[in-house]
Amino acid sequence: MTRNLQRLDLIFKDEQDAEVVLAQTLARPDEDIINDLIISGLKGRGGAGFPTGLKWKLTSEAQSDEKFVICNADEGEPGTFKDREILSRVSHKVLCGMAICGRIIGARQGYIYLRGEYKFLVPELQQSIERFHELLKKHELDFKVDIFMGSGAYICGEETALFESMEGKRGEPRNKPPYPTSKGYKNKPSVVNNVETLAHTFSIFKYGPEKFRDLGVKDSRGSKVFSVSGDTPIPGIYELEFGMTLQKFVDDFGDGDAKAVQVGGASGFCVPRKKFEKTIIGYQGKLTGISLPTGGSMMIFNSSRSMYNVLHNYLDFFVEESCGQCTPCRVGTQQLLIGIEAVKRGEKSSAYLDKLLDLAETMRLTAKCGLGQSVANSFSSIVENFREEMIY
Amino acid sequence: MAKIQETIRDLADRYGRSKESLLPILQGVYENYHALTDEAMVEVARELDISAAHVYGTATFYSFLESGKSGKYIIRLCKTITCMMHGKNLILQELEDILKVKPGQTTSDGLFTLKETNCLGQCHKGPAMLINDTPHTDLTPEKVREIINEYRIKEHMPLN
Ligand SMILES: Cc1cc2nc3c(=O)[nH]c(=O)nc-3n(C[C@H](O)[C@H](O)[C@H](O)COP(=O)(O)O)c2cc1C
Ligand code: SF4
């Protein structure tokens, strides 16, 4: 097999130096640490790609008697499993990131919002938290982390739905603004970061921002943990540099017959073979060609797969996971599903697909949160690139 | 139902009585009884001094908190695309055959409830399922038979 892409080992490397890194970082002024994060170019790995240093800075500037740090471990996007691996192998890095964030923004309480499906991780994670609390005591940092369990709702990964869920309510997203940096959990300023984002902050504390910045390309710095599944001989978790073309990725990970890759899960984009060469994996920026942000879900489909079945599976998922709060998403997801079934059965003409594409675009503009807004990503990219498969 | 009241009081003692404790308490009740009955929800509402409608509204939102009674072991088979591509339907068929139930149903001995669920985050080892909190991955029909039989042996109810 060809090996185009360098496999990195930053996140999972454990040199048993959590205490050293924690102590060194605690000894530095808050502004310096934030500056390092900003210089490093680290952006959120949960999907939206917000600059992490800026998020911490904004929250540190918010005035409040109470603030919170929340690690988002809801990882519900189909095809993603990297956060589980990070939490089971190097949770101390995540905890370290949370504690430093706590000191900077002035929070004494942190939470890990862990999806119900990962409850089996709790015993070890709890032990790791207790060991970490001992470390914090030794270094006289008043900060505590608790696990908050989810209960099987994908939407609770959306940060404001997550707050609602923690407050004992239905996981229905709030309007934004206000943003979590000013009004989050219990309406107090809160930093919500993805598991992987927090683990990267540890690497930046440890190695400095330059080493991180040297990886990747413009606007997409550092390494990224990818969850690779589908038609691949080597499914699993891989840490790779940002900025690769999808062609290189498929050469390394495909089974030689890849016809499409779904980048970013059900709410991401489907890229057909003819666009592999032009597609670059990274956040939106001034890259040549099309660049795709990604939470790290990479599902490979070979030519034996029906893209209609793939789309049908994603729409099933959205219909079930829509919180039902706003009409465009609640009704839209159902209509898209009913619509492609009708076209497939021949009850509607193929021109009806264009109506459905319009509907998906309307959802992008009018849905209240990222779930409803991003249904169009997979819907349009699959229908436009594999139109025949939707009809015949 | 003195017992469930005790459970709820214990959970409230442990997690506190603020509204932020609602989900942990409901999860605790569910873990103990594998059901969230109306009585339980009313009792939780009383204990936390919030409306029963609020408790009901919250509980029904979450797919892991169900009002109906489930078996001692809840099987959640992943139905997301990558597990599907790797033979999830064969696994479902096997489970239906050996348990003699369809998704959503509980075996007559009250031991197993079969459900399908969205992505379990085990896509690189699909097909995958959870039995209560424990993941089982890289499933084949033979492996599924063995796993179910192990649970049955543990419960002194082996198949043969
Ligand atoms: C429907 C939906 C689901 C989401 N699920 C997750 C998730 O499981 N994990 C996660 O880290 N972010 C998730 N997000 C993104 C969060 O809202 C938030 O942007 C992120 O946790 C911020 O952390 P980051 O800046 O480190 O990426 C989701 C967003 C939406 C709209
Ligand atoms: S877009 Fe969907 S998930 Fe988001 S608030 Fe509206 S109904 Fe809920």
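Just so it is clear, the values below take in all heavy atoms, side chains as well, and ignore hydrogens, waters and symmetry mates. Each chain gets a letter, A, B and so on, in the order its sequence line appears, and its residues count up from 1.
- When the shell of 6.0 Å around CZ of B:Arg17 is examined, it contains more than 12 heavy atoms from other residues, nucleotides or ligands.
- For A:Tyr314 and A:Phe379, the ring centers sit 6.0 Å or farther from each other.
- Looking at A:Val122, there are no atoms closer than 4.5 Å to chain B (heavy atoms on both sides), in backbone or side chain.
- For A:Asp231, the parts sitting under 4.5 Å from any heavy atom of chain B are the backbone and the side chain alike.
- Proximity to chain B (any heavy atom under 4.5 Å) is shown, for A:Lys82, by neither the backbone nor the side chain.
- Using a 4.5 Å cut-off between heavy atoms, A:Met149 contacts chain B through both its backbone and its side chain.
- Heavy atoms of A:Cys323 lying under 4.5 Å from chain B belong to its backbone as well as its side chain.
- The interface of residues 65-73 of chain A with chain B, defined by heavy-atom distances below 4.5 Å, is empty.
- No donor-acceptor pair closer than 3.5 Å links the side chain of B:Thr113 to the backbone N or O of B:Ser70.
- Within a 6.0 Å radius of CG in B:Asp13, other residues, nucleotides and ligands contribute more than 12 heavy atoms.
- For A:Tyr185, the part lying under 4.5 angstrom from a heavy atom of chain B is the side chain only.
- Looking at B:Glu31, only its side chain comes within 4.5 Å of chain A, counting heavy atoms on both sides.
- The closest side-chain heavy-atom distance from B:Leu26 to B:Leu36 is below 4.5 Å.
- With a 4.5 angstrom heavy-atom cutoff, A:Glu164 does not touch chain B via any of its atoms.
- Annotation: maximal heavy-atom pairing with chain B below 4.5 Å, among A:Asn313, A:Asp316, A:Thr232, occurs at A:Asn313.
- No part of A:Gln262 comes within reach of chain B, as not one of its non-hydrogen atoms sits under 4.5 angstrom from that chain.
- Of the two parts of B:Leu130, only the side chain, counted from C-beta on, holds a non-hydrogen atom closer than 4.5 Å to a non-hydrogen atom of chain A.
- The salt bridge (charged side-chain N to carboxylate O under 4.0 Å, His left out) test with B:Glu116 is passed by exactly one of B:Arg76, B:Lys88, B:Lys79: B:Lys88.
- With ring centers used as reference points, A:Tyr308 lies 6.0 Å or more from A:Phe386.
- Heavy-atom contacts from other residues, nucleotides or ligands closer than 6.0 Å to OH of B:Tyr56 number 12 or fewer.
- Counting non-hydrogen atoms of neighbouring residues, nucleotides and ligands closer than 6.0 angstrom, the CD atom of A:Glu124 reaches no more than 12 such neighbours.
- Only the side chain of A:Ile155 comes within less than 4.5 Å of a heavy atom in chain B; its backbone stays farther off.
- Figure legend: A:Arg115 and A:Tyr118 shown as a cation-pi pair, the cationic atom lying under 6.0 angstrom from the six-membered ring centre and within 45 degrees of its axis.
- Under the rule for a side chain to side chain donor-acceptor pair (under 3.5 Å), B:Arg14 has no partner lying at least two apart in sequence or in another chain.
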